[in-house]
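One structure is given here, and the rest of the page talks about it.
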Amino acid sequence: MPKNKRYDTIIIGAGIAGLYLASKLPKDKKVLVLCKDIPWECNTFYAQGGMVTALDENDIEPHVLDTLEAGSYHNVKAAVEALSRDSIAIREDFVKHGMEFDSAEDGRLLYTKEAAHSTSRILHAGGDATGRYMHMFLMQQNLHMLQKNSLVYDLLIEGGRCYGVRLMKDYKPETLYANSVVIASGGIGSLYQYNTNSRTVSADIHGICVEKGIELKDMEFMQFHPTVFVKTPFARKLLLTEALRGEGAWIVDEDGKRFLFDYDPRGELASRDIVSRSIFLYKRESGKKVYLDFSMFDEDWFIKRFPNITKTFKAIGYNLPRDRVEISPAFHYANGGIACDLEGRVPGIKGLYVAGEAARTGVHGANRLASNSLLEGAVFAKRCADAILQDDNCWEHEPNFDKDYDTLLHEENDKSYKHKLREIMWKDVGIVRTKSGLLEAKNFIYDTKSKKIGRLLELRLNTAAAIVMSALRREESLGSHYIEEKY
Ligand code: SIN
């Protein structure tokens with residue numbers, strides 16, 4: 001193996017988890033951040049609302065309780081406590097290094113509220129461009145190598161140890177070795193017809209884990225964001241941040257009725273799983289369209305507070321806040337993921353770690369509390385960096401990894417199977433599920449797996465199968481997993 005192909009740490013993914021983790025590894029370590037496409041094609045970049053932090057020590061307990069309640073108490077409590085406890089130091093670290101969150105004229109940080117939070121504790125930047133600002137900040141801070149256009153299609157695992165990765169760099173296969181490999185590749189958005197995710201988030205690495213026998217956990221808990229404009233031709237649908245409702249926007253039907261109160265006394269501020277499901281059921285029962293209404297806001301205030309949304313919707317013909325926007329729920333976030341401990345270690349595979357949305361630490365339970373995701377990315381990346389520096393992952397001789405897939409990543413009919421999969425996942429493995437629908441999805445997945453397909457589609461199907469099988473195993477509704485039909 002050529003020496004220049006071996007690293008101390010390879011990080012797969014350049015969103016908040018990958019970049020923040022890199023920033024916590026010393027400059028003299030040989031670290032490589034792999035980015036599938038261009039660096040800003042990641043979910044962090046598109047995050048609007050903000051990043052939660054406990055306001056102070058007294059707010060840790062309420063933040064923990066809000067997170068547990070939103071997660072239907074399916075959360076791992078120790079993970080939630082770590083998230084909230086560490087959040088104060090994370091905020092201080094970002095501010096100390098120069099991240100500019102929105103603040104008042106006297107310098108006080110401004111906090112907003114989102115659904116299911118008992119207080120305003122969400123930091124934001126650029127009004128509604130928090131992810132973009134944080135991503136740009138982390139890119140500027142990055143001291144390590146970052147390699148673009150690098151699509152990882154295999155993990156080199158043997159004898160309970162990870163030795164590196166195989167990837168396509170500018171369409172050429174490459175093998176890279178490392179003492180530690182971190183999966184920070186995000187979730188699974190592209191599996192669903194309607195989703196808010198970057199087009200790069202396509203469940204490949206989860207699929208590799210399934211192939212290697214690495215456990216995915218809580219995969220039945222897929223989160224659907226309630227307020228998304230889906231009538232665009234692009235794969236990524238347009239998010240309307242929950243902070244809009246936190247500030248007072250309403251969800252109404254075509255007659256202006258705030259129907260959510262018929263489902264939950266908190267109305268627009270019920271947790272995300274409840275609001276999404278209520279919209280879905282109301283539309284189905286009434287046949288009516290559903291809108292997000294901003295007409296209560298002062299125009300100047302709105303444009304300053306939500307500049308991005310104002311601009312994005314102006315470009316497609318809306319005059320906000322005067323016009324209301326038709327909305328639908330859409331897939332947003334994977335609450336489940338690759339099983340790991342609270343430092344991101346993947347059990348049974350030495351040298352393999354996971355952080356951010358890809359990880360299942362148990363922090364979100366059955367439904368993530370709004371704006372806990374950027375915080376999760378930072379908190380668990382820092383814990384993971386500390387573990388990497390402490391663990392002895394060095395190895396002497398790598399095994400011979402001769403199997404490769406380089407010419408078989410795509411096959412001719414993959415595109416049409418991929419589209420069909422996205423439709424089926426939306427229809428049968430979406431907001432409201434039935435056993436018969438899940439079985440239909442399972443049949444499609446296993447039938448397609450038996451055809452001549454490329455490796456990348458195979459990986460997507462592995463992940464889709466993990467979601468469907470988890471959903472079939474959980475016979476009772478919980479959080480974002482809602483089963484309509486009794487088994
Ligand atoms: C939003 O701004 O509504 C999304 C924030 C999140 O996913 O927590």
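We're numbering straight along the sequence, starting at 1. Fair warning: this is a prediction, and the values are worked out from it, not measured in the lab. Every number for a ligand or one of its atoms is a count from 1 in the order of the listing.
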I'd like to check which ligand 1 atoms, numbered from 1 as shown, lie under 4.0 Å from a non-hydrogen atom of [X].
{"X": "H225", "result": "1 (C), 3 (O), 4 (C)"}
{"X": "T241", "result": "1 (C), 2 (O), 3 (O)"}
{"X": "H332", "result": "4 (C), 6 (C), 7 (O)"}
{"X": "S371", "result": "5 (C), 6 (C), 8 (O)"}

Would you check if there is a donor-acceptor pair between the side chains of [Y] and [X] at a distance under 3.5 Å?
{"X": "E484", "Y": "T434", "result": "no"}
{"X": "E114", "Y": "S371", "result": "yes"}
{"X": "S118", "Y": "D66", "result": "yes"}

*Work out whether the distance between some heavy atom of A370 and some atom of ligand 1 is less than 4.0 Å.*
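Contact present.
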*Below 4.0 Å from any atom of ligand 1, is there a heavy atom belonging to A243?*
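No heavy atom of A243 comes that close to ligand 1.
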Return yes or no for this condition: an N or O of [X] is under 3.5 Å from an N or O of ligand 1.
{"X": "E114", "answer": "no"}
{"X": "E242", "answer": "yes"}
{"X": "Q48", "answer": "no"}

*asked:* Once you restrict to heavy atoms under 4.0 Å, what part of R272 touches ligand 1? Side chain, backbone, both or neither.
replied: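 Just the side chain.
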Does [X] make a cation-pi contact with [Y] (under 6.0 Å, within 45 degrees of the axis)?
{"X": "R345", "Y": "Y353", "answer": "no"}
{"X": "R121", "Y": "Y111", "answer": "no"}
{"X": "R236", "Y": "Y46", "answer": "yes"}

*asked:* Main chain of L110, side chain of D102: is a donor-acceptor contact present, judged purely on distance under 3.5 Å?
replied: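 Such a contact is absent between D102 side chain and L110 backbone.
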